[in-house]
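Both backbone and side-chain heavy atoms feed into the values below; hydrogens, waters and symmetry mates do not.
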Amino acid sequence: MATFLSKLGRLAFRRKGVTLLLWLLAFVGMGVAASSAPTPPADTFSMPGTESQEAFDLLTEKFPDASVDGATARVVVRAPGGTKITTPSTRTEVERLVAGLGTSSPQVVGVADPYRSPAVSISEDGTTAYLVVTYKVPAAEVDDKAHDALDAATERAREAGLTVEAGGDAVKIEQAMGGTGEQIGILVSAFVLVLTFGSMIAAGMPLITALIGVGIGISGITALGSTFGLSGTTSTLAMMIGLAVGIDYALFIVSRFRAERAEGRTPEEAAGRAVGTAGSAVVFAGLTVIVALAGLAVVNIPMLTKMGLAAAGTVAVAVLVAITLVPALLGLAPVKVMARKGRLRYAVKPLSDRQRRRAAKHEAKLARKTKPNLGTRWARYVLRHPVVVLLVGVIGLGTIAVPAASLELGLPGEGQMSTQTTQRKAYDLLSESFGPGFNGPLMVTVQTRSTDSTKAADARTAGDEIGKALAKTPGVASVSPATANKAGDTAILTVVPTTGPTEKKTEELVHALRDTADGLERSTASRILVTGQTAMFIDFSQTLDDALLPYLALVVGLAFLLLMVVFRSVLVPLKAALGFLLSVAAALGAVVAVFQWGWLADVFGIDAPGPIMSTMPIFMIGVVFGLAMDYEVFLVSRMRESYAHGARPGEAVVDGFRYGGRVVGAAAVIMMSVFSSFIVEDNDFVKMIGFALAIAVLFDAFVVRMAIVPALFALLGRSAWWLPKWLDRILPRVDVEGEKLAETQSAPRSPRESTLVG
């Protein structure tokens with residue numbers, strides 16, 4: 001592996017023009033393909049194998065004229081000054097609002113007039129009413145004109161003195177994404193790169209190559225969107241992961257190139273060794289990330305599977321960019337990529353007398369500067385106090401992880417939006433006037449069946465009978481009369497809970513209704529299914545919860561095998577996996593404490609603490625696992641390289657931190673700054689993702705990889721690299737540490753000799 005990648009790196013370095021041209025053609029070609037591709041399909045959400053999805057499929061089949069997938073807007077109207085909504089003047093304005101909404105957009109199918117069914121649409125105190133606007137297209141296809149028309153109609157009603165707010169999936173969500181926070185994150189990343197390298201050229205390479213890789217990946221997703229059903233949001237995860245690993249991979253190769261040049265190798269030799277050693281680590285780190293992302297397929301939710309595979313493809317592009325485009329760019333600036341001070345040491349052209357004197361002066365200064373760097377000092381400290389460092393790290397993370405035992409999963413709803421949004425205001429108005437369960441109604445489908453001896457009963461009659469039975473279930477506020485389809489074989493009931501859609505009692509009610517339905521199916525000869533948005537959210541959370549352990553077992557198990565091949569050890573990958581689980585548990589504990597319990601809610605601007613978004617743990621595991629294995633591979637591979645070349649275990653740990661500690665720390669700080677930028681966004685769930693990823697990287701990089709891992713190496717000694725002989729014979733040898741490179745390449749020149757290489 002190392003030999004092949006070394007040859008590839010040297011080839012890209014020598015043929016830099018051709019390499020750059022090929023990547024430019026790929027970038028432009030993908031951009032053209034994306035721009036000429038059909039419009040990506042709208043987001044489709046399905047959960048095969050769940051009762052909610054089965055019911056929605058049945059409704060689509062049995063009620064073809066109804067727009068089951070169509071978007072809806074619930075417009076809540078409250079009369080001014082506590083007056084009744086039925087007073088003549090108020091009724092005139094409400095009817096004008098109904099008429100305006102009905103003609104506001106060609107996408108509107110109809111508007112439910114609250115005065116035609118006052119028992120349902122007007123509150124008991126008579127002050128508040130709601131009307132439903134139905135669209136013929138899904139929420140993702142509601143255009144800007146329709147959004148603007150809805151806003152204009154509600155604003156006119158407000159000007160007439162009514163309190164009007166709108167909720168539902170047809171209402172435009174205002175989010176300030178990609179604003180100041182993200183810009184700050186990018187600026188911090190650039191600043192950290194400049195501090196790390198001391199060169200603007202070196203700092204710019206990881207950013208430029210990462211953007212090129214992400215651009216190609218996202219363009220490819222767009223170009224293939226209509227073919228494979230990849231919606232516009234599929235690229236969200238791909239962009240986040242692609243930028244993260246793209247910067248990391250280029251950072252490590254550029255850093256290794258500079259280290260090889262500092263040891264006196266020529267630019268081409270340095271590029272070859274950088275790609276052969278650090279590039280091997282990049283390949284295997286990339287494989288672990290791809291495993292984690294592709295493993296999302298085990299969740300069996302098509303949307304997550306597509307997002308994971310698309311992101312995995314972008315990571316593959318990032319790996320190819322790192323091992324080919326980065327050395328080509330290094331070929332363009334082999335000297336300027338070095339730190340500004342002392343660049344004359346690395347000049348590849350003959351030096352003038354003045355330049356020789358400056359270079360000699362700088363080398364003399366370096367000779368006097370014998371103080372070890374921070375990574376070396378920290379590694380030596382850990383080697384002296386391994387038990388203390390290990391106990392502090394494990395106990396500290398274990399304590400932070402305690403709140404994770406109270407983790408409650410849910411999906412984002414209007415009740416968790418900012419109190420300044422119209423959706424949240426509409427949600428609160430409905431809760432106050434109609435009860436908290438009104439925001440999360442359940443839908444029950446009743447399909448009558450016939451047998452050899454009996455004819456199918458009338459669905460409406462059976463539905464009403466079933467509705468009376470379900471109404472006796474504790475937690476049910478009301479059950480609507482049954483509505484049958486034209487064929488008369490399927491009916492729909494609406495069940496309103498007494499509790500809100502995200503409350504635990506509502507989840508218990510859904511399970512209770514399904515248990516009751518199982519008993520009613522035989523007596524009514526019907527097929528009864530409970531669905532609705534609230535039930536689907538509950539099923540979604542349950543599906544993710546059930547898939548969490550299999551997903552962890554898959555990604556950790558496959559990564560364990562990969563790391564065992566890389567490091568020729570059983571204990572090293574075991575430590576890596578256990579350390580990752582510890583950091584993830586601590587990150588989940590911190591998320592629960594802040595976003596579920598409300599600790600420091602004012603600091604982070606959280607309006608309504610509540611359940612943790614169901615997709616967050618899965619996404620966090622996938623993202624953080626990839627980054628954690630990156631840091632593990634890059635840091636420990638340098639230790640393995642030193643150990644393979646004859647160093648004692650303790651010396652190998654110090655060498656790993658001397659050469660890799662600063663770079664791994666810089667990569668972690670960059671990722672933390674990027675993820676932290678999402679914390680300043682308005683949406684609580686965006687804050688949650690940013691906070692979770694940032695703190696998980698903090699725990700994993702600085703506590704697990706830089707404290708717990710070297711402490712364990714110090715305690716285990718040579719046994720850390722133990723591998724049974726029979727297993728050693730079976731496992732393929734990939735030579736990540738570059739042992740064969742040391743045999744095939746010439747010894748490095750001294751720094752003074754390298755200045756004269758022309």
Side-chain angles (χ1 to χ4, degrees), residues 66-67 70-137 139 142-174 413-415 417-441 477-478 480 483 494 496 500 533:
S67 182
T72 58
R74 292 180 302 171
V75 180
V76 187
V77 183
R78 177 167 288 178
T83 60
K84 302 294 184 181
I85 203 78
T86 53
T87 58
S89 59
T90 302
R91 178 165 183 165
T92 299
E93 294 300 333
V94 173
E95 289 177 341
R96 185 177 299 170
L97 172 62
V98 172
L101 290 171
T103 59
S104 62
S105 170
Q107 293 184 324
V108 173
V109 175
V111 181
D113 189 336
Y115 298 108
R116 293 185 178 179
S117 54
V120 177
S121 302
I122 298 179
S123 62
E124 290 185 5
D125 61 7
T127 62
T128 308
Y130 81 94
L131 50 96
V132 178
V133 185
T134 306
Y135 293 76
K136 61 183 178 182
V137 294
V142 177
D143 57 32
D144 291 337
K145 291 182 179 179
H147 285 307
D148 294 341
L150 176 62
D151 294 341
T154 55
E155 186 59 34
R156 284 194 297 270
R158 293 190 188 103
E159 293 174 355
L162 301 176
T163 298
V164 183
E165 303 297 344
D169 57 0
V171 181
K172 185 178 181 180
I173 298 178
E174 298 291 346
E414 294 175 347
M417 288 186 175
S418 169
T419 53
Q420 305 303 314
T421 61
T422 185
Q423 291 95 331
R424 176 62 182 276
K425 292 176 181 178
Y427 182 96
D428 292 340
L429 285 173
L430 286 173
S431 296
E432 294 170 7
S433 302
F434 296 90
F438 202 80
N439 282 296
S478 64
S480 71
T483 302
T494 299
V496 178
Q533 188 180 60

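Among all heavy-atom pairs drawn from L131 and A112, the shortest one is CB-O, 3.1 Å. L97 and A153 make their closest contact through CD1-O, 3.5 Å (heavy atoms, listed as atom of the first residue, atom of the second, distance). When all heavy atoms of A71 and V142 are compared, the closest pair comes out as CB-CG2, 3.8 Å. Scanning all heavy atoms of the two residues, the minimum distance from Y135 to A170 falls at CE1-CB, 3.5 Å. The shortest non-hydrogen separation linking S104 to V108 is OG-CG2, 3.8 Å. The two atoms that bring A146 and S105 nearest to each other are CB-OG, 3.5 Å, heavy atoms only.
How far CZ of F434 is from OH of Y130: 6.5 Å, rounded to the nearest 0.5 Å.
Between the side chain of T90 and the backbone N or O of T86 there is no donor-acceptor pair closer than 3.5 Å. The closest donor-acceptor contact from the side chain of K84 to the backbone of T128 lies at 3.5 Å or more, if one exists at all.
V171 pairs with exactly one of L150, T154, V75 by the side-chain contact (heavy atoms from CB on, under 4.5 Å) rule, that one being L150. Here the rule is salt bridge (charged side-chain N to carboxylate O under 4.0 Å, His left out) with E165, and of R158, R74, R424 only R158 fits it.
Considering only residues two or more places apart in sequence or on other chains, D113 meets the salt bridge (Lys or Arg N to Asp or Glu O under 4.0 Å) condition with none of them. Take T163 and apply the side chain to side chain contact (heavy atoms under 4.5 Å, CB included) test, not counting sequence neighbours, and it matches R78, L429. Every residue meeting the side chain to side chain contact (heavy atoms under 4.5 Å, CB included) condition with K145, not counting sequence neighbours, appears here in chain and number order: D143.
There is no side-chain donor-acceptor pair under 3.5 Å between S123 and S433.
The 12-atom threshold is exceeded at CD of E432, counting heavy atoms of other residues, nucleotides or ligands nearer than 6.0 Å.
R96 and E93 are joined by a salt bridge, as a carboxylate oxygen and a charged side-chain nitrogen come within less than 4.0 angstrom of each other.
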Steps toward side-chain contact (heavy atoms from CB on, under 4.5 Å) verdict (I122, Y115): CA-CA 8 Å; I122 298 179; Y115 298 108; 4.1 Å; yes

